[in-house]
Amino acid sequence: MGKEITKRETDYSQWYNDIILKAGLADYSAVRGCMVIKPYGFALWENMRDQLDKMFKETGHQNAYFPLFIPKSFLSKEAAHVEGFAKECAVVTHYRLMNDPDGGGIVVDPDAKLEEELIVRPTSETIIWNTYKTWIQSYRDLPILVNQWANVVRWEMRTRLFLRTTEFLWQEGHTAHATSQEAIDETKLILDVYATFAEEWMSLPVVKGVKSISERFAGAVDTYCIEALMQDGKALQSGTSHYLGQNFAKAFDVQFTDKENKLDYVWASSWGVSTRLIGALVMAHSDDDGLVLPPKIAPIQVVIVPIYKGDEQKKMIDEKVKMFMEDFKALGVKVKYDDNDNNRPGWKFAEYELKGVPVRIAIGARDIQNNVVEVARRDTKEKTSVSIDGLANTVAVLLNDIQQNIYTKAKNFRDEHIAKADTWDEFEKLLDSKGGFISAHWDGTAETEEKIKELTKATIRCIPLNNLQEEGKCILTGKPSKERVLFARAY
RNA sequence: CGGGGCGUAGCGUAGCCCGGUUAUCGCGCCACAUUUGGGAUGUGGAGGUCGCAAGUUCGAAUCUUGCCGCCCCGACCA
């Protein structure tokens, strides 16, 4: 036997790591907390990135690129912002190395100390708003709808592959607007883009909501988020969109002249999703045999495995495959014909299951005689015999079906794991028995939120958008509340 | 930064308590042959600063001290 994966029920964390390492998504690196994204993992990220990029452009955004380094003084201009990020910044202090005069190898040249230290961006609001100041004078310069694809660094104490690494890849959108309403609309528009992407492309059902004060982005007026549920019952924040008000405009003195010739500060939003989404994908859909990928973002959608004895049969299969490969390509299906003779069919079956390839086609001499192939779907493990006539079309339909089925499965799981709790006792029992989201009343104070976190490790994931308004009593303090919020233990 | 675990070939490991031939086994790798419908088999072969450093000793993977690294759990966070 080849690669063994730890069972989910044995050790969920280990299962997660096994999948990522053994499916070839990523590796640990020589740098603590940083990972290597391997070609298969990066192909997955590219598919996600390309689709998001398309959606951003369809909603009027353009890409740009801002520096990796941020002058230290910039970070401290917005009070809440610096407070939020100061603890986890990598700092560049010198710009040159030298040979150790004492023979100790290469050392930092003490003479090459930077006048002003540079921060490796943990996020780019500051450098961007410093730049926007030079771009904006009039309402005619607005809105600015810019996104950048970049890496950022946050010096986390504890890291996990994809979910939290010291360096990660993401996109960050930074928009500037003439009115508050426009900035709020933008914030919500992007939240919808994220939710649509998660649900339709990643087959990942999400709850849209607003963060409580203590969970919101440092420097934001409001943070909107999409929250997803993982198979172990823990929640994962999968994307955030912030309404920044005039906080950064004020910090960087970005004013514009409006139609009435009055001077005002610019209104802003910022929003991002990261490679963390890959972690979400793994934990939402995969099983004890490996990854399960939604067809729409799978690097390989269909793999074809030939089964043959001798060159003659192989040649016959090659010819047949060549014919229907063209049909697949015409339909835009990403198909791979694995006729590598180093591995036997059984090995390939297991390998592509591990890698989460949605559909596998096996074809042998016997099949060709009957004008069929064996089609196996990754999500349900079902195998059926399918006619070679119209095969590409049949499989294209199947791919859609798989996309839908994965979503439905995740959605059912999520729906079964949203429960109401009306007493503290119920709340604790639900958390410890099945986890998931717990809908409960909360008195609206940060102190209560903190206390609940201390007692149970559960945090408020969000206040759902369009939340039902209903009178109730706080689960902990019994104080009056006008709506339920979603609690969960989270990553 | 606290608690736990680990470091021996590309990967996973035995040996360590109780120091003593050529460091064990499996997977993987290379060659050849037979194979190919669920992780093939045989034969032959290559591959090791036993995490690093110092010490004890005639002799250290094994004992002592120090250091480094990684993983898991927690606090912090996307």
Side-chain angles (χ1 to χ4, degrees), chain A residues 1-6 11-18 21-22 27-35 83-89 122-123 152-172 194 211 214-218 223 225-228 235-242 270-280 289-290 305-311 313-314 317 338-354 360-368 370 372-374 376 381 383 385 453-454 457 459 461 489-491:
Chain A
M1 290 294 278
K3 304 170 181 175
E4 289 290 345
I5 292 178
T6 305
D11 184 343
Y12 192 82
S13 299
Q14 196 53 50
W15 166 79
Y16 174 79
N17 289 336
D18 282 355
L21 297 172
K22 291 176 180 173
D27 261 339
Y28 291 111
S29 75
V31 185
R32 186 217 303 262
C34 294
M35 64 177 183
E83 169 127 11
F85 286 106
K87 299 187 294 284
E88 52 186 25
C89 287
T123 179
V152 287
V153 166
R154 296 182 187 173
W155 215 267
E156 302 288 353
M157 294 180 190
R158 183 154 132 60
T159 57
R160 299 200 63 188
L161 293 169
F162 287 113
L163 295 178
R164 180 170 298 106
T165 44
T166 300
E167 178 190 12
F168 59 95
L169 305 183
W170 77 344
Q171 57 70 216
E172 46 180 328
Y194 286 162
K211 286 292 188 190
S214 52
E215 294 278 327
R216 96 184 153 204
F217 175 73
T223 288
C225 62
I226 52 171
E227 291 284 328
L236 182 75
Q237 178 175 306
S238 306
T240 48
S241 182
H242 316 290
S270 72
W271 28 273
V273 294
S274 70
T275 37
R276 172 178 253 204
L277 284 176
I278 294 176
D289 296 319
V305 177
I307 295 158
Y308 54 90
K309 294 178 192 176
D311 289 347
Q313 286 193 1
K314 173 68 169 35
I317 294 166
D338 185 356
D339 66 343
N340 185 337
D341 196 40
N342 295 334
N343 297 309
R344 298 165 79 259
W347 188 90
K348 291 177 186 175
F349 292 175
E351 181 67 11
Y352 290 107
E353 273 164 18
L354 182 55
R360 178 188 74 230
I361 293 174
I363 176 166
R366 214 162 64 204
D367 297 309
I368 290 179
N370 299 325
V372 294
V373 293
E374 181 195 79
K381 298 283 185 63
K383 289 190 266 195
S385 192
K453 186 180 175 184
E454 260 173 47
K457 288 174 191 147
T459 50
R461 299 323 301 155
R489 293 197 178 121
Y491 278 99

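Naming convention: chains lettered A, B, ... in sequence-line order (proteins, then strands); numbering from 1 in each chain. Computed over heavy atoms, backbone and side chain alike; hydrogens, waters and symmetry mates excluded.
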## Note on the structure
With sequence neighbours left out, the residues meeting ring pair (Phe, Tyr, Trp, His ring centres under 6.0 Å) with A/F162 are none

### Message
If a pair means Watson-Crick or G-U wobble with both distances below 3.5 Å, what does RNA chain B look like in dot-bracket form, with | marking bases paired to a different strand?
### Response
(((((((..(((.......[....))).((((((.....)))))).....(((((..]....))))))))))))....

### Query
Considering only side-chain heavy atoms of A/I307, which listed nucleotide, B/A78, B/G38, B/U36, is closest?
B/U36

### Message
Other residues, nucleotides and ligands only: do more than 12 of their heavy atoms fall within 6.0 Å of CG on A/N370?
### Response
yes

### Task
Could you work out the separation of B/G51 and B/U36 based on their C1' atoms and round it to a whole Å?
42 Å

### Task
Calculate the interatomic distance between A/L21 atom CG and B/G10 atom C1'; express it in whole Å.
14 Å

### Query
Who passes side-chain hydrogen bond (donor to acceptor under 3.5 Å, both in side chains) against A/D341, sequence neighbours left out?
A/Y308

### Task
Pick base, sugar-phosphate or nothing for A/S385, based on heavy-atom distances below 4.0 Å to the nucleic acid.
nothing

### Query
Using a cut-off of 4.0 Å on non-hydrogen atoms, how would the nucleic acid contact of A/Q237 be classed: base, sugar-phosphate, or nothing?
sugar-phosphate

### Message
Between B/G15 and B/U24, how many Å separate the two C1' atoms, rounded to a whole number?
### Response
7 Å

### Task
Please work out if A/S274 contacts a base, only the sugar-phosphate, or nothing of the nucleic acid, heavy-atom cut-off 4.0 Å.
base

### Query
Under 4.0 Å between a side-chain N or O of A/S13 and OP1 or OP2 of B/C73?
yes

### Message
Heavy atoms from C-beta onward define the side chain here; which of B/G39, B/A75, B/C76 lies closest to that of A/K457?
### Response
B/A75

### Task
With the side chain of A/K309 defined as its heavy atoms from C-beta on, choose the nearest nucleotide among B/G39, B/U36, B/A75.
B/U36

### Message
For the C1' atoms, the ones on B/C25 and on B/C71, what distance do you get once it is rounded to whole angstrom?
### Response
24 Å

### Query
Does a donor on one side chain and an acceptor on the other come within less than 3.5 Å for A/T459 and A/R461?
yes

### Query
In whole Å, what separates the P atom of B/G28 from that of B/A40?
8 Å

### Query
Looking at residues at least two apart in the chain, or sitting in another chain, which of them share a side-chain hydrogen bond (donor to acceptor under 3.5 Å, both in side chains) with A/T166?
none

### Message
Once you apply a heavy-atom cut-off of 4.0 Å, does A/L236 come out as touching a base, just sugar-phosphate, or nothing?
### Response
nothing

### Message
Check A/E227 with A/K211, please: is the shortest side-chain N to carboxylate O separation under 4.0 Å?
### Response
yes

Polar atom pairs between nucleotides 43-45 of chain B and protein, under 3.5 Å, N or O only, would you list them?
none

### Summary
Of A/E167 and A/G346, the one whose nearest nucleotide on RNA chain B sits closer to the 5' end is A/G346

### Query
P atom, B/C50 versus B/U22: distance in rounded Å?
15 Å

### Task
Answer yes or no: is there a donor N or O on one side and an acceptor on the other, between the side chain of A/K348 and the main chain of A/N340, under 3.5 Å?
yes

### Message
List the residues meeting ring pair (Phe, Tyr, Trp, His ring centres under 6.0 Å) with A/Y12, not counting sequence neighbours, and say none if there are none.
### Response
A/W15

### Query
What pairs with A/F168 under ring pair (Phe, Tyr, Trp, His ring centres under 6.0 Å), at least two apart in sequence or on another chain?
A/W170

### Message
Could you tell me how far B/G39 sits from B/G26 if I compare only their C1' atoms? Round to whole Å.
### Response
15 Å

### Task
Please name all residues satisfying salt bridge (charged side-chain N to carboxylate O under 4.0 Å, His left out) with A/R154, sequence neighbours left out, ordered by chain then number.
none

### Task
Would you kindly give the CG-to-P distance between A/D338 and B/U36, to the nearest whole Å?
18 Å

### Task
Scan A/A365 against the nucleic acid and name what it touches under 4.0 Å (heavy atoms): base, sugar-phosphate only, or nothing.
base

#### Entry: Contacts of A/Q171 that satisfy side chain to side chain contact (heavy atoms under 4.5 Å, CB included) - sequence neighbours left out
A/F56, A/N147, A/W149, A/Y194, A/W271, A/V273

### Query
Roughly how far apart, to the nearest Å, are B/G47 and B/G10 at atom C1'?
10 Å

### Message
For A/S238, give me all partners under side-chain hydrogen bond (donor to acceptor under 3.5 Å, both in side chains), at least two apart in sequence or on another chain.
### Response
none

## Note on the structure
Ranking B/A75, B/A78, B/G38 by distance to the side chain of A/E353, first place goes to B/G38

### Task
May I have the distance from A/K87 (atom NZ) to B/C1 (atom C1'), rounded to whole angstrom?
14 Å

### Query
Choosing from B/G37, B/G74, B/G39, which nucleotide comes nearest the side chain of A/R344?
B/G37

### Task
Using the test side-chain hydrogen bond (donor to acceptor under 3.5 Å, both in side chains), find all partners of A/D27 that sit at least two apart in sequence or belong to another chain.
none

### Query
Is the backbone N or O of A/W347 less than 3.5 Å from a side-chain atom of A/E351, with the two atoms forming a donor-acceptor pair by type?
no

### Message
Does B/C76 have OP1 or OP2 under 4.0 Å away from a side-chain N or O of A/K453?
### Response
yes

### Query
Expressed as a whole number of Å, how far does the C1' atom of B/A60 sit from that of B/C16?
11 Å

## Note on the structure
Per nearest nucleotide of RNA chain B, the residue lying toward the 5' end, A/A218 or A/R366, is A/R366

### Message
How many whole angstroms separate atom CD1 of A/I363 from atom C1' of B/G37?
### Response
12 Å

### Query
Going by modelled atom types, is there a donor-acceptor pair between the base of B/G38 and the side chain of A/K383 at under 3.5 Å?
yes

### Query
For the side chain of A/R276 and the backbone of A/L236, is there at least one donor-acceptor N/O pair under 3.5 Å apart?
no

### Task
Would you mind reading off the distance between A/E454 atom CD and B/A75 atom P, rounded to a whole angstrom?
11 Å

### Summary
A/A350 has its side chain closest, among B/G39, B/A78, B/A75, to B/G39

#### Entry: A/D367 (side chain) and B/G37 (base): donor-acceptor pair under 3.5 Å
yes

### Message
Without decimals, in angstroms, what is the distance between A/L163 CG and B/C73 P?
### Response
11 Å

### Separation of atom CD in A/E88 from atom P in B/A78, rounded to whole Å
7 Å

### Task
Quickly work out the A/R360 CZ to B/G37 P distance and round it to whole Å.
12 Å

For nucleotides 67-71 of chain B, give me every protein contact, N/O to N/O, under 3.5 Å, one pair per line with atom names.
unit_1: B/C70; atom_1: OP1; unit_2: A/R32; atom_2: N; d: 3.3
unit_1: B/C70; atom_1: OP2; unit_2: A/R32; atom_2: NH1; d: 3.4

### Query
So what does A/D341 touch, heavy atoms closer than 4.0 Å: a base, only the sugar-phosphate, or nothing?
base

